[in-house]
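Notes follow the structure.
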There are 2 protein chains.
Amino acid sequence: MTYDVGMTVIETRAPLNRERIIGAAVKLADQHGADELSMRKLGAELGVEAMSLYNHVANKDEILDGMIDHVFTTIPLPDPKEDWRVSVRTTGLAAMEQFTAHPWVVSLLMQRGNFGNASLVFMNQVLGILRAAGFSDEETHHAWQMLASHTMGYAFQQSSGSWHEKDWNGLEDQLSRLGDRFPHVVALAPLLAECEFGSEYAFGLEIIISGLEARLG
Amino acid sequence: MTYDVGMTVIETRAPLNRERIIGAAVKLADQHGADELSMRKLGAELGVEAMSLYNHVANKDEILDGMIDHVFTTIPLPDPKEDWRVSVRTTGLAAMEQFTAHPWVVSLLMQRGNFGNASLVFMNQVLGILRAAGFSDEETHHAWQMLASHTMGYAFQQSSGSWHEKDWNGLEDQLSRLGDRFPHVVALAPLLAECEFGSEYAFGLEIIISGLEARLG
DNA sequence: ACCTGAACACCGTTCAAGT
DNA sequence: ACCTGAACACCGTTCAAGT
């Protein structure tokens, strides 16, 4: 923050700490992608040399884990008093929303796993709701695995796809050149390019919820 | 190969080319993971300096794309004469098998996208089968998106999970310490740790196939 | 207690030089 | 035509030195 005191401007850097470092890392990743995140750039963002970060954080991996935890903290937990179908639907959509807002979190999860505190809190809550709904432990396991896969899968496709990116144009050229070899891909390319991943995800979520429901009871 | 000619051993290196480079890269990634793959190590594997690789390949990205293509080439294409449910099931399982055998391909797909020749051939074949089964273009799009998400999601979880890894022990300690905070996670941890991703995947695949079938006709 | 500069062992990639 | 060594601009991380 800066205070304007008379004619001089006194620059008062907030003291460096773990929280500020991870916040800045999230901001940088949101802006430029996780690949662009380096200790040197992160230091520069915080007005400090890269080496100073090591006073507050063991290494880069701790920062990455902190970023994952930060995102999971922002996903609202499902309400156990709701019907399980509502809880699962609401929570799935909320999770997808965060994965969309922070696309880098998907690849980070793959690199690092997701056993931070916030993701365990989240997982525990969802598992509790499924068990309370009457699913056996095996069924709960199946349901979790399937819901997680569907969610991660869509998030994955959303962040990996270049169907809806700039290089789509180059791809379109490529496809029309190879139209006779890939007629079905060419026919569906517009749908793939313009698709709303959010509603696509919701569509699949309903199929899964129905399928799980049928196996319950 | 080495020929033993009398008292001297003549070492005849096969000439370097794109195919040999990508083959060696796949081998290295299978053994040590994609993170360990560097131009210098790949060169060493081929008995050559890293810089030689650039005579046969534009850059590292071309190698990575080639590795993805290599894996997709090994997935058997579904037979259009089969019932679509059989085709989808068989192909999904075959794809999962390859993603399991080459876990690095999932993160590579996320980094690089998957619009190589082999993956377009694969995608085109699956889309054709869905359309021939009577799905509209919109429904085919939904179905593809959902099947791809489910498959990538399971592959993702399989390669990201440390539930079934060595560090599971450390996690178990952590969980039992925090057992009162995460009772549902602790209760299901054994199931998560010992689960067979293959059969988990198959379980979800059946739910999806049934769900799609219900929306057909 | 916190920050820094120099250094180390790695990257991908370029380029002039070798054969 | 293919391979090489030296070099460049980057990494994450260590460590002794500064305040």
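All values below were derived from every heavy atom in this structure, side-chain atoms included, with hydrogens, water molecules and symmetry-related copies excluded. Below, chain A is the first sequence line, B the second, and so on; all start at residue 1.
- Contact between the side-chain N/O atoms of B:Ser52 and the OP1/OP2 oxygens of D:dC2 is not found at any separation under 4.0 Å.
- Between the side chains of B:Asp30 and B:Trp104, at least one donor-acceptor pair of N or O atoms lies under 3.5 Å.
- Nucleic acid contact class of B:Leu37 (heavy atoms, under 4.0 Å, all strands): sugar-phosphate only.
- Note: OH (B:Tyr54) to C1' (D:dC2) measures 16 Å, nearest angstrom.
- The phosphate of C:dC3 (OP1 or OP2) has a side-chain N or O of A:His56 nearer than 4.0 angstrom.
- For the pair B:Met39 CE and C:dT14 P, the computed distance is 10 Å after rounding to whole Å.
- Atom CZ in B:Arg18 sits about 18 Å away from atom C1' in D:dC2, given to the nearest Å.
- Between C:dT4, D:dC3, C:dT13, one nucleotide has an atom nearer to the side chain of B:Lys60 than all others, and that is C:dT13.
- Taking atom CD of B:Glu36 as the reference point, atom P of C:dG12 lies 11 Å away to the nearest angstrom.
- Among the nucleotides C:dC11, C:dT13, D:dT14, the one closest to the side chain of B:Lys41 is C:dC11.
- At a cut-off of 3.5 Å, with distance as the only test, a side-chain donor of B:Gln158 or B:Thr100 sits close to an acceptor on the other residue.
- Taking every side-chain heavy atom of B:Asn55 into account, D:dC2 is the closest of D:dC2, D:dG12, C:dA6.
- In this structure, A:Ser38 reaches the sugar-phosphate backbone alone: every heavy-atom distance under 4.0 Å involves primed, P, OP1 or OP2 atoms, never a base.
- Between B:Arg40 atom CZ and D:dC3 atom C1' the separation is 16 Å, expressed in whole Å.
- Going from atom CG of B:Asp35 over to atom P of C:dC10 covers 16 Å, rounded to whole Å.
- Under the 3.5 Å distance criterion, with hydrogens and angles disregarded, a donor-acceptor pair is assigned to the side chains of B:His141 and B:Gln145.
- Between B:His150 and B:Tyr201, the ring planes are parallel. Angles under 30° get that label, and only those over 60° would be called perpendicular.
- The pairing partner recorded for D:dA17 is none, the criterion being a Watson-Crick or G-U wobble arrangement whose two distances lie under 3.5 angstrom.
- The nearest whole Å value for the distance from the CD atom in B:Glu49 to the P atom in C:dC11 is 13 Å.
- Rounded to an integer number of Å, the gap from CG of B:Asn59 to P of C:dT14 is 8 Å.
- Looking at B:Asn124 and A:Arg181, their side chains never bring a donor and an acceptor atom within 3.5 Å of each other.
- Under the Watson-Crick and G-U wobble criteria, each requiring two contacts below 3.5 Å, nucleotide D:dG12 is paired to C:dC8.
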